[in-house]
Amino acid sequence: MEPVTLTSERLLLRSVGPHDTDAVYEACQDPEIQRWTTIPSPYLREHAVGFTEQMVPDGWADSSMFTFGVFLPAAGELAGMLGITMRSPGVGEIGFWATKEHRGNGYVTEATVRASRWAFKDMAIDRVEWRAEVGNRGSRAVAERAGFTMEGVLRSGINNKGVRRDCWIGSLLPSDMGLPSTAPYLPAPQHA
């Protein structure tokens, strides 16, 4: 599919391309982004080129990964990155990071809510999953503020740079945002 552009109260979410390579490269020099995400470390310029010129457009083209740069519209400044990767029919996994300069402003939370609403309304997704290595409190805070329900810990749930690590998992459903699902949902019975 063709990339889409989304807006929220303070943000512009759009696909990134070659003109964004320098901003992505600079942001990914942050040791915190390299530590907590699965981007390569060290992060070389060729990684940024591959991301903006191949990975992002290919993901949109085959509808396997919908990646948005999170921009402050007035200055056109990159504040973060967010992607929804399709894991199975109707299920997407969200991942994100914020630039060091823009952490703590709620931009990634706002972008997560906006992108999730788009996924539910326009992409027939019925579950957005979030995963982060246990200990990544910043990511968990974003997910919780965005309305995700924490579901537990997956032992050896992610591979970060060749090391299996435990991860938290959470989910957001259309009903959490007051939206209908595309498929009926039958929750497990609650036992007293």
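Using a 4.5 Å heavy-atom cutoff, the side chains of Thr99 and Glu77 are not in contact. Between Val16 and Phe71 the shortest side-chain heavy-atom distance falls below 4.5 Å. Looking at Met123 and Met86, their side chains never come closer than 4.5 Å, going by heavy atoms from C-beta outward. A 4.5 Å side-chain heavy-atom check between Leu13 and Leu11 finds at least one atom pair inside the cut-off.
Smallest separation of non-hydrogen atoms from Thr52 and Pro57: O-CD, 3.5 Å. Contact between Ser41 and Gln34 at its shortest, heavy atoms only, is OG-OE1, 2.6 Å. Residue Gly147 comes nearest to Leu172 through the heavy atom pair O-CD1, 3.4 Å, listed as atom of the first residue, atom of the second, then distance. Across all their heavy atoms, Ser15 and Val56 have their closest contact at OG-CG1, 3.3 Å. The nearest pair of heavy atoms linking Ser156 to Asp166 is N-OD1, 2.9 Å. Looking at every heavy atom in both residues, Ile84 comes nearest to Ala119 through CD1-CB, 4.0 Å.
Following chains of ILVMFWY side-chain contacts shorter than 4.5 Å, one can reach Leu179 starting from Trp118, so the two form part of one hydrophobic cluster. If you chain together hydrophobic residues whose side chains sit under 4.5 Å apart, Val49 and Met65 never meet in one group. A single hydrophobic cluster is seen to contain both Val24 and Val108, as judged by linkage of ILVMFWY side chains at heavy-atom distances under 4.5 Å, directly or through other members. Ile158 is not connected to Trp130 by any chain of hydrophobic side-chain contacts under 4.5 Å among Ile, Leu, Val, Met, Phe, Trp and Tyr, and they are in different clusters. The hydrophobic cluster containing Tyr107 also contains Leu78, counting ILVMFWY residues as joined when their side-chain heavy atoms lie under 4.5 angstrom apart, directly or transitively.
Of the inter-residue distances, the one linking Cys167 atom SG with Arg155 atom CZ reads 12.0 Å to the nearest 0.5 angstrom. Between Glu101 atom CD and Asp30 atom CG the span is 8.0 Å, to the nearest 0.5 Å. Atom OG1 of residue Thr67 and atom CZ of residue Arg14 lie 13.0 Å apart, to the nearest 0.5 angstrom. Taking CD1 of Ile94 as the start and OG of Ser116 as the end, the distance is 4.0 Å to the nearest 0.5 Å. Note that CD of Glu2 and CH2 of Trp60 are 10.0 Å apart. Values are rounded to the nearest 0.5 Å. In this structure, Asn160 CG and Thr37 OG1 are separated by 7.0 Å, a value rounded to the nearest 0.5 Å.
Around NZ of Lys121, the count of heavy atoms belonging to other residues, nucleotides or ligands within 6.0 Å does not exceed 12. Annotation: Arg35, atom CZ; neighbour count of heavy atoms from other residues, nucleotides and ligands within 6.0 Å is above 12. In this structure, Met55 places its CE atom where only 12 or fewer heavy-atom neighbours from other residues, nucleotides or ligands lie under 6.0 Å away.
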Report task. Could you walk me through whether Asp126 and Leu173 pass side-chain contact (heavy atoms from CB on, under 4.5 Å), step by step? Result -> CA-CA 6 Å; Asp126 283 325; Leu173 305 179; over 6 Å; no
Query raised in the report: After noting the C-alpha distance and the side-chain angles of Asp122 and Arg117, does the key distance pass the salt bridge (Lys or Arg N to Asp or Glu O under 4.0 Å) rule?
Result: CA-CA 8 Å; Asp122 296 347; Arg117 182 173 291 279; over 6 Å; no
Query raised in the report: Under the salt bridge (Lys or Arg N to Asp or Glu O under 4.0 Å) criterion, do Glu93 and Arg131 qualify, and how do the steps go?
Result: CA-CA 8 Å; Glu93 180 180 335; Arg131 296 170 194 232; 3.6 Å; yes
Requested in this report: Could you walk me through whether Trp168 and Leu154 pass side-chain contact (heavy atoms from CB on, under 4.5 Å), step by step?
Outcome: CA-CA 6 Å; Trp168 289 315; Leu154 300 177; over 6 Å; no
Report task. Begin with the C-alpha distance, continue with both residues' side-chain angles, and end with the deciding distance and a verdict on side-chain contact (heavy atoms from CB on, under 4.5 Å) for Phe120 and Met177. Result -> CA-CA 9 Å; Phe120 294 143; Met177 300 182 121; 3.7 Å; yes
Query raised in the report: Taking it one step at a time, do Thr112 and Val142 satisfy side-chain contact (heavy atoms from CB on, under 4.5 Å)?
Result: CA-CA 8 Å; Thr112 296; Val142 167; 4.0 Å; yes
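Judged by distance alone, with hydrogens and angles left aside, the side-chain atoms of Lys161 form a donor-acceptor pair with the main-chain N or O of Ile39 at under 3.5 Å. Under the 3.5 Å distance criterion, the side-chain polar atoms of Asn136 are left unmatched by any main-chain donor or acceptor of Glu133.
Between the side chains of Thr149 and Ser171, no donor-acceptor pair is found at a separation under 3.5 Å. Judged by distance alone, the side chains of Trp97 and Ser139 never bring a donor and an acceptor atom under 3.5 Å apart.
At a threshold of 4.0 Å, the pair Glu9-Arg114 does not count as salt-bridged, since none of the basic side-chain nitrogens sits closer than that to a carboxylate oxygen. A salt bridge is defined here as a Lys NZ or Arg NE, NH1 or NH2 lying under 4.0 Å from an Asp or Glu carboxylate O, and Arg127 with Asp176 fails to meet this definition. Using a 4.0 Å cut-off between a side-chain N of Lys or Arg and a carboxylate O of Asp or Glu, Glu129 and Arg87 do not qualify as a salt bridge.
Residue pairs meeting the ring-ring contact (aromatic ring centres under 6.0 Å, His included) criterion with at least one partner in residues 22-48, sequence neighbours excluded, are Tyr43-His47.
For the side chain to side chain contact (heavy atoms under 4.5 Å, CB included) test with Phe148, the passing option among Glu144, Met150, Arg145, Glu151 is Met150; the others fail.
Here Glu110 pairs with Ser8, Arg10 under the side chain to side chain donor-acceptor pair (under 3.5 Å) rule; sequence neighbours left out. Residues that satisfy the ring-ring contact (aromatic ring centres under 6.0 Å, His included) test with Phe51, not counting sequence neighbours, are absent from this structure.
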